[in-house]
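All values reported here derive from a predicted model rather than from experimental measurement. Lettering follows sequence order; numbering is per chain, from 1.
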Amino acid sequence: MKNDTTVLEEPFRKRPDLPDYELVNLTINGQSFKLKLQPWVSLLDAIREYAGLTGTKKGCDHGQCGACTVLINGKRINSCLTLAVMKDGEAITTIEGLSDGTSNHPLQDAFVEHDAFQCGYCTPGQICSAVGLINEGRANSLEDVQELMSGNICRCGAYNNINAAIMEVKSKMA
Amino acid sequence: MNSFSYNKAYDVAEAVADIQEHEQGKFIAGGTNLLDLMKENVMKPDHLTDINRLDLADITENEDGGLRLGALVTNADTAWNVLVEQRYPLLSKAILAGASPQLRNMATNGGNLFQRTRCYYFYDTTTACNKREPGSGCSAINGINRIHAILGTSMQCIATHPSDMCVALAALDAKVNISGPNGDRTLEFADLHRLPGNTPHLDTNIAQGELVTSIDLPPGNFTKNTFYLKVRDRQSYAFALVSVAAALDMDGDVIRDIRVAMGGVAHKPWRRRDVEQSYIGKVASTENFRELAETMLTGAVGFGGNTFKIALAKKAIVRALNEALKTGENL
């Protein structure tokens, strides 16, 4: 599927009294998407509802829970609090893009190994956030990991195992 | 969210011109607070001017030895910039005390200045709020007001300014550079935010259509003895009940210069220059810090739910100043 170009024509609604669609180019996990969107479509909705990549989750939709975390040029952000039109031309990585297609990302394996989830709803955001944390290179201790993962809520309370998974991957990469 | 038109600007002049055409237009950079408020129908701009492509994303050294923080540098890139960490650790620490890593990767320095209050009633469009809807009344004064202001309030509004970054910028005497339809101007940080008075709907002295382009940090000696203390209900990722940016310039045991700014207590970062001045030349002791804290809270009034903040703020000031002293010893 990589390098294919997908054009989604008519999204779910179009009202004549509303501003015209914008044509937005998003590169998601290496694949180019040309999406016709109205300007108020969040990046999260563009990824899920227009590009059809439903691994990224909508939790609070207000930047408080972190379930929608994706990476833009390697940096983690809340996709619910940005507009898709603002990210025209940017390279986005979602949970679907972390695996190379045959083997898991080390953090995905570590989350399984450490039983770092129960219901799994926050997990895509937790893993993308952890990838961003490792890219930043600022977490040097368990305490740092706890502080720098505070933007991701797990209502099942799997925090100890999430932290253990991240600490293990961090130590292997060091 | 309401519908709106959208345009990308590619330089400052284009951005300023674009927004003039829309009375309810807003600039958007990170959008972390604006989009949140738009989803709640608290803010309803008819147009967004996207300024992310403007050339304002650098941190550079000024000729006077200070730093210029571009308005579009993210909060994360500012806090972890090596020059900011070395010369203005107070600012770095304050930024890292706020929000989450994801939000700090999106939120910009310019946008941080324009954060709206997190007053519950401001966010709840079913309640009266003079900030959201002038003349409708204040639900917080006789409502749930645990997070509200104790200094500089009016009977119209007891909201607090939510930013941590701004508390450090106030302590450091930053300056804000602005471009607008009538040219460029610079505001002292103390003149940026307003007290509520009878116009609580106005958070700042920046006019509709004016754009912050950068923030200047003056050179100074507040690198060694500084501390940002944030007291909150949750250890991370929560707004301050009270925060204190404390900075000391020491000559042995004697205070050569001192800054104390408070967050979470007023409609703007709270400083008392007159009080700071009166401690220059005095010994840095817990006793003097206690006396200073008492004076800084002169005029503080609680509204029931937040009355605890008066005692909390005094203790926070003393602790922040003592920690700032200790920070210097460790270097």
Side-chain angles (χ1 to χ4, degrees), chain A residues 15 17-22 24 37-45 60-90 125 128-130 132-133 135-139 143-153, chain B residues 1-9 22 26-40 42 44-53 72 74-77 79-80 85 92-93 96-108 111 118 123 230 232 234-239:
Chain A
R15 280 166 44 192
D17 56 321
L18 298 180
D20 288 339
Y21 293 123
E22 304 266 341
V24 180
L37 304 168
Q38 284 171 321
W40 48 85
V41 174
S42 69
L43 179 61
L44 173 60
D45 285 345
C60 68
D61 209 24
H62 286 280
Q64 296 177 8
C65 77
C68 69
T69 303
V70 299
L71 298 152
I72 295 195
N73 299 322
K75 291 188 176 181
R76 49 182 164 158
I77 65 151
N78 301 109
S79 62
C80 74
L81 283 187
T82 193
L83 300 172
V85 283
M86 292 162 63
K87 299 301 172 192
D88 190 22
E90 307 249 26
C128 284
S129 189
L133 173 143
N135 289 346
E136 288 157 10
R138 292 284 176 154
E143 201 180 20
D144 291 345
V145 169
Q146 288 172 323
E147 167 61 29
L148 291 172
M149 286 298 292
S150 66
N152 292 80
I153 309 292
Chain B
M1 199 185 300
N2 62 299
S3 61
F4 54 84
S5 55
Y6 168 90
N7 195 24
K8 284 188 181 88
H22 304 275
K26 287 278 169 201
F27 295 117
I28 186 161
T32 55
N33 191 207
L34 177 61
L35 291 172
D36 187 28
L37 288 163
M38 287 168 69
K39 289 182 185 191
E40 297 283 8
V42 174
K44 292 178 266 190
D46 63 348
H47 178 78
L48 294 183
T49 302
D50 184 343
I51 58 170
N52 283 296
R53 276 129 191 105
L72 289 174
T74 65
N75 287 176
D77 286 347
W80 285 336
E85 284 183 310
S92 183
K93 293 278 165 34
L96 292 173
S100 69
Q102 289 97 315
L103 290 170
R104 294 193 295 263
N105 276 341
M106 307 165 78
T108 62
R118 263 52 174 203
Y123 262 79
K230 183 171 181 180
R232 42 189 160 173
R234 185 169 66 190
Q235 196 178 355
S236 180
Y237 199 15
F239 289 95

Nearest 0.5 Å, what's the OG1-CD1 distance between B:Thr74 and A:Ile77? 11.5 Å

With a 4.5 angstrom heavy-atom cut-off, could you sort out which part of A:Thr69 is near chain B: side chain, backbone, both or neither? side chain

Option in A:Glu22, A:Glu147, A:Met86 with maximal non-hydrogen atom pairs under 4.5 Å from chain B: A:Met86

Separation of B:Tyr237 OH from A:Met149 CE (nearest 0.5 Å): 12.5 Å

Under 4.0 Å between a side-chain nitrogen and a carboxylate oxygen: does that hold for B:Arg53 and A:Glu90? no

Count the heavy-atom pairs under 4.5 Å between each of B:Ala76, B:Ser236, B:Ser100 and chain A, then report the option with the highest count. B:Ser236

The interface call for B:Ile28 against chain A, heavy-atom contacts under 4.5 Å, is side chain

Does some side-chain heavy atom of B:Gln102 sit less than 4.5 Å from a side-chain heavy atom of A:Leu81? no

Between CG on residue A:Asn78 and CE on residue B:Met106, distance to nearest 0.5 Å: 5.5 Å

Hey, is NZ on B:Lys26 packed in by over 12 heavy atoms from elsewhere, all under 6.0 Å? no

In terms of side-chain heavy atoms, does A:Gln64 have a donor or acceptor partner in B:Asp36 at a distance below 3.5 Å? no

Do A:Gln38 and B:Ser3 make a side-chain contact, defined as non-hydrogen atoms from C-beta onward lying under 4.5 Å apart? no

Looking at B:Asn33, B:Asn2, B:Asn52, B:Leu103, which has the largest count of heavy-atom pairs under 4.5 Å with chain A? B:Leu103

Can you establish whether the number of heavy atoms outside B:Lys93 located under 6.0 Å from its atom NZ is more than 12? no

Could you report the tightest heavy-atom contact between B:Asn105 and A:Arg76, atom names first, then the distance? ND2-O, 2.9 Å

Chain B contact via A:Leu83 - side chain, backbone, both or neither, heavy atoms under 4.5 Å: both

Could you look at B:Asn7 and say if it's the side chain, the backbone, both or neither that has a heavy atom under 4.5 Å from chain A? neither

Look at B:Met1, B:Gln235, B:Arg104, B:Lys39 and state which one has the largest set of heavy-atom pairs under 4.5 Å with chain A. B:Lys39

What residue, out of A:Glu136, A:Arg138, A:Lys75, has the most heavy-atom pairs lying under 4.5 Å from chain B? A:Arg138

Residue part contacting chain A, namely of B:Ala29, when any heavy atom lies under 4.5 Å: backbone

CG-CG distance between B:Leu35 and A:Leu43, expressed to the nearest 0.5 angstrom: 11.0 Å

